[in-house]
Peer 1: 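This structure is in structure tokens; I'll ask about it shortly.
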Amino acid sequence: MLSLEEIHRLARLARLELSVAEADDMRAQINGILAMVDEMRAVDTTGVAPMSHPQEVTQRLREDRVTETDQRELFHSLAPEVEDGLYLVPKVIE
Amino acid sequence: MNWEVVIGLETHAQLTTASKIFSGASTRFGASPNTQVSAIDLAMPGTLPVLNKGAVERAIRFGLAVGGTIAPLSAFERKNYFYPDLPKGYQISQYVQPVVTGGGLAIVVGDKDGFVPLTRAHLEEDAGKLLHDAVAGRSGVDLNRAGTPLLEIVTEPAMRSAAEAVAYAKALHSLVRWIGICDGNMQEGSFRCDANVSVRRRGDPLGTRCEIKNLNSFRFLEKAIEFEVRRQVELIGDGGRVVQETRLFDPDRGETRPMRSKEDAQDYRYFPDPDLLPVAIAPQWIEEVRRSMPALPEALRRDFLGYGMSPYDAALLTESREKAEFFRASLAATKISQPVSLAHWVNGEMSALLNERNLDFAASPVAPRDFARLHDRVQDSTLSSKAAKEVLHAMTAGEGDPDAIIERKGLRQISDSGALEEAVREALAANPKLVEDYRAGKEKAFNALVGQVMKATKGKGNPQEVSRILRERLAS
């Protein structure tokens, strides 16, 4: 079961701001999901290979060809702030 | 105190595909910002990634070149973090099932052979680029690079010195270009290294490591590791403890410094990407790729050593595929086969001439066939090596084939003993003092006499012949 502190850490990693009430609610919901996971964990899976996708199909690959054209103007029209061809964001320096 | 250094490298090699790993946008370097960005690269709602066959093919090529195992089934996962250069909020990478596992690279450090085992090589997408100085008070985002295919190549913590790490990085750099999967351009960021460095007292378990980022030249790699080793040894020596962290190398100060604080330690919450099905790599595909592979540098290096040349010359010749091919083609075209001497000429004069002109062997103005002919002329004593250099300069400048240049410039060496004996006789007659000195035991006088004969023949006398005839005459 996750503690409230862990919920806040997850929220920070997901860049979500949770109010006190929302954090409590989120904690109850996530713990409910984890309880289901625990139930599944009780199933004996010895000899079952883990899978990364529920369907028994594999990826179709694309030939290495350039098929896209420049649509900067269109995409820029959707952005809140652009200049000199760049999308602008608040200053970030690590 | 006896310290042991433990180094592992992670290298991001940008793959040479025309289009991105999950979209049909171009990967060409240097385009105007955000002009090579598709809706997929921008993470527009409703878009889905479609994997580029060329990227997988290059990963297979790499796996075969290092003798690794190619996974018959491989999967993509999401590595979650938020940064403005990553529109989706996650990077598509591989975690549990990479395309390549195992294998390794032969390295040469000084005259010692080594081997660096690899842990894995996996496919992933690159992020965009942030520009902090373009617009005042803001960061600018250019997403042209977002979605460019990368192969991340991870070694075991098997290296024990900065020199070994640099030798490995150079061998890897040469190999990825050799098999054509990466252009290796370090200025443009096509080949970037991160180093994991720790120290321990000999015999102890592994120490805590630090990861150093931003190493985009072999010199920085060496400097950063050397600095980091000194820092960790001093820290532990003073009773301190190394903290696991990511550090950035500052080339101006020649030091590493912490990049993010410990509270910000990343938790990437990897999970399988539901947008991407597993990738099946059939044995037939692997065989097809194997058949298209060139002879590998390590195999050629061993062939070359078999010709009797030094490890140094063999390593130099296999620095690039073009140089090795030039050597092989020249050797095949020579009438007098002297691979050791030919290697000297390729590594020495020919490489120097190309360097002066900023050319590589692929763009050599001298064809291997002509180079071979020139070398034959040295071997059959038509040319002195000094004259041969002059001919090679003329060939590089496009003045024609070696024989024509030799005739035009009158560089043919005089080996005809009649002509040389005449020159020797005259030199002896004109320099009685030198003859006297030589007979009194002064060896220097002999060299001076050779010099006189060479001068009389305008440098075209075959020096071995001249010496032989001189000795004969002086002894009688």
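Proteins get letters first, then strands, A, B, ... in listed order; numbering begins at 1 in each.
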Peer 1: For A:R60, I'd like to know if atom CZ has over 12 heavy atoms of other residues, nucleotides or ligands within 6.0 Å.
Peer 2: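 Not more than 12 within 6.0 Å, no.
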
Peer 1: Which bit of B:F271 comes within less than 4.5 Å of chain A, counting heavy atoms only: side chain, backbone, both or neither?
Peer 2: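 When you check distances to chain A, no heavy atom of B:F271 falls under 4.5 Å.
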
Peer 1: With chain A as the partner, which of B:S19, B:A134, B:A31, B:G137 has the greatest number of non-hydrogen pairs under 4.5 Å?
Peer 2: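 When all of B:S19, B:A134, B:A31, B:G137 are compared, B:S19 has the most.
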
Peer 1: Could you tell me which non-hydrogen atom of B:S139 sits nearest to which non-hydrogen atom of A:K91, and how far apart they are?
Peer 2: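 That would be OG-CA, 3.4 Å.
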
Peer 1: Please classify the contact between B:A39 and chain A as side chain, backbone, both or neither, with a heavy-atom cut-off of under 4.5 Å.
Peer 2: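 For B:A39, backbone and side chain are both near chain A.
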
Peer 1: Go through the atoms of A:R15 and report whether side chain, backbone, both or neither lie under 4.5 Å from a heavy atom of chain B.
Peer 2: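 Contact with chain B involves both backbone and side-chain atoms of A:R15.
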
Peer 1: For B:Y95, does the OH atom have more than 12 heavy-atom neighbours from other residues, nucleotides or ligands under 6.0 Å away?
Peer 2: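 No, not enclosed.
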
Peer 1: Just to verify, which of A:V89, A:V82, A:L88, A:L86 counts as forming a side chain to side chain contact (heavy atoms under 4.5 Å, CB included) with B:V141?
Peer 2: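 Among A:V89, A:V82, A:L88, A:L86, the one meeting side chain to side chain contact (heavy atoms under 4.5 Å, CB included) with B:V141 is A:V89.
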
Peer 1: Show your working on side-chain hydrogen bond (donor to acceptor under 3.5 Å, both in side chains) between B:T17 and A:D64 and close with a plain yes or no.
Peer 2: CA-CA 7 Å; B:T17 55; A:D64 178 26; 4.5 Å; no

Peer 1: Which residue out of A:D84, A:T67, A:V66 racks up the most heavy-atom pairs below 4.5 Å with chain B?
Peer 2: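 Most heavy-atom pairs within the cutoff with chain B belong to A:V66.
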
Peer 1: Show, in sequence, the C-alpha distance, side-chain angles and deciding distance for A:Q71 and B:V37, and conclude whether the side-chain contact (heavy atoms from CB on, under 4.5 Å) test is met.
Peer 2: CA-CA 8 Å; A:Q71 298 187 74; B:V37 180; over 6 Å; no

Peer 1: If you count heavy-atom pairs under 4.5 Å between each of B:A75, B:A25, B:G128, B:G54 and chain A, which one has the most?
Peer 2: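 Winner by heavy-atom pair count: B:A25.
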
Peer 1: Which region of B:Q97, side chain (C-beta onward) or backbone (N, CA, C, O), has a non-hydrogen atom less than 4.5 Å from a non-hydrogen atom of chain A, or is it both or neither?
Peer 2: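 Interface part for B:Q97: side chain.
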
Peer 1: Indicate the atoms forming the closest heavy-atom contact of A:E63 with B:N52, along with that distance.
Peer 2: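 A:E63 and B:N52 have their closest heavy atoms at C-OD1, 4.3 Å.
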
Peer 1: Below 4.5 Å from any heavy atom of chain A, which atoms of B:L131 appear? Answer side chain, backbone, both or neither.
Peer 2: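 Contact with chain A is through the side chain of B:L131 alone.
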
Peer 1: Let me know if B:L130 has heavy atoms under 4.5 Å from chain A in its side chain, its backbone, both or neither.
Peer 2: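 B:L130 touches chain A through side-chain heavy atoms alone.
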
Peer 1: Assess, by modelled atom type and distance only, whether the side chains of A:R62 and B:S23 contain a donor and an acceptor separated by less than 3.5 Å.
Peer 2: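 The criterion, which ignores hydrogens and geometry beyond distance, is not satisfied for B:S23 and A:R62.
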
Peer 1: Are the charged groups of A:E68 and B:K20 less than 4.0 angstrom apart, N to O?
Peer 2: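 Judged by the 4.0 Å cut-off on N to carboxylate O distance, A:E68 and B:K20 do not form a salt bridge.
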
Peer 1: Measure the CG-CH2 distance between A:L61 and B:W285 for me, rounded to the nearest 0.5 Å.
Peer 2: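 Rounded to the nearest 0.5 Å, the CG-CH2 separation comes to 5.0 Å.
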
Peer 1: Less than 4.5 Å apart, any side-chain heavy atom of B:R138 and any of A:E81?
Peer 2: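 Heavy-atom side-chain distance check passes, below 4.5 Å.
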
Peer 1: Using atom types as modelled and distance alone, determine if a side-chain donor or acceptor of A:Q59 lies under 3.5 Å from a backbone N or O of B:P278.
Peer 2: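 No, A:Q59 side chain to B:P278 backbone: no donor-acceptor pair under 3.5 Å.
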
Peer 1: Hey, what do you get for CG (A:L13) to CZ (B:F82), rounding to the nearest 0.5 Å?
Peer 2: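 If we round to the nearest 0.5 Å, A:L13:CG and B:F82:CZ are 9.0 Å apart.
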
Peer 1: Using non-hydrogen atoms and a 4.5 Å limit, figure out which bit of A:E73 sits close to chain B: side chain, backbone, both or neither.
Peer 2: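 No part of it gets close to chain B.
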
Peer 1: Between B:L42 and A:F75, which heavy-atom pair has the shortest distance, and what is it?
Peer 2: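 The pair with the smallest heavy-atom distance is CD1-CG, 3.2 Å.
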
Peer 1: Around atom CZ of B:R269, are there more than 12 heavy atoms of other residues, nucleotides or ligands at under 6.0 Å?
Peer 2: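 Correct, the count exceeds 12.
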
Peer 1: Could you pull out the closest heavy-atom pair between A:T58 and B:A280, with the gap in Å?
Peer 2: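 Looking at all heavy atoms of both residues, the shortest contact is CG2-CB, 3.7 Å.
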
Peer 1: Could you pull out the closest heavy-atom pair between A:L78 and B:M44, with the gap in Å?
Peer 2: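 Reported closest heavy-atom pair: CD1-CE, 3.7 Å.
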
Peer 1: Taking all non-hydrogen atoms of both residues, which atom of A:R72 and which atom of B:N34 are closest, and how far apart?
Peer 2: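 Shortest heavy-atom separation between A:R72 and B:N34 comes out as CB-O, 3.5 Å.
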
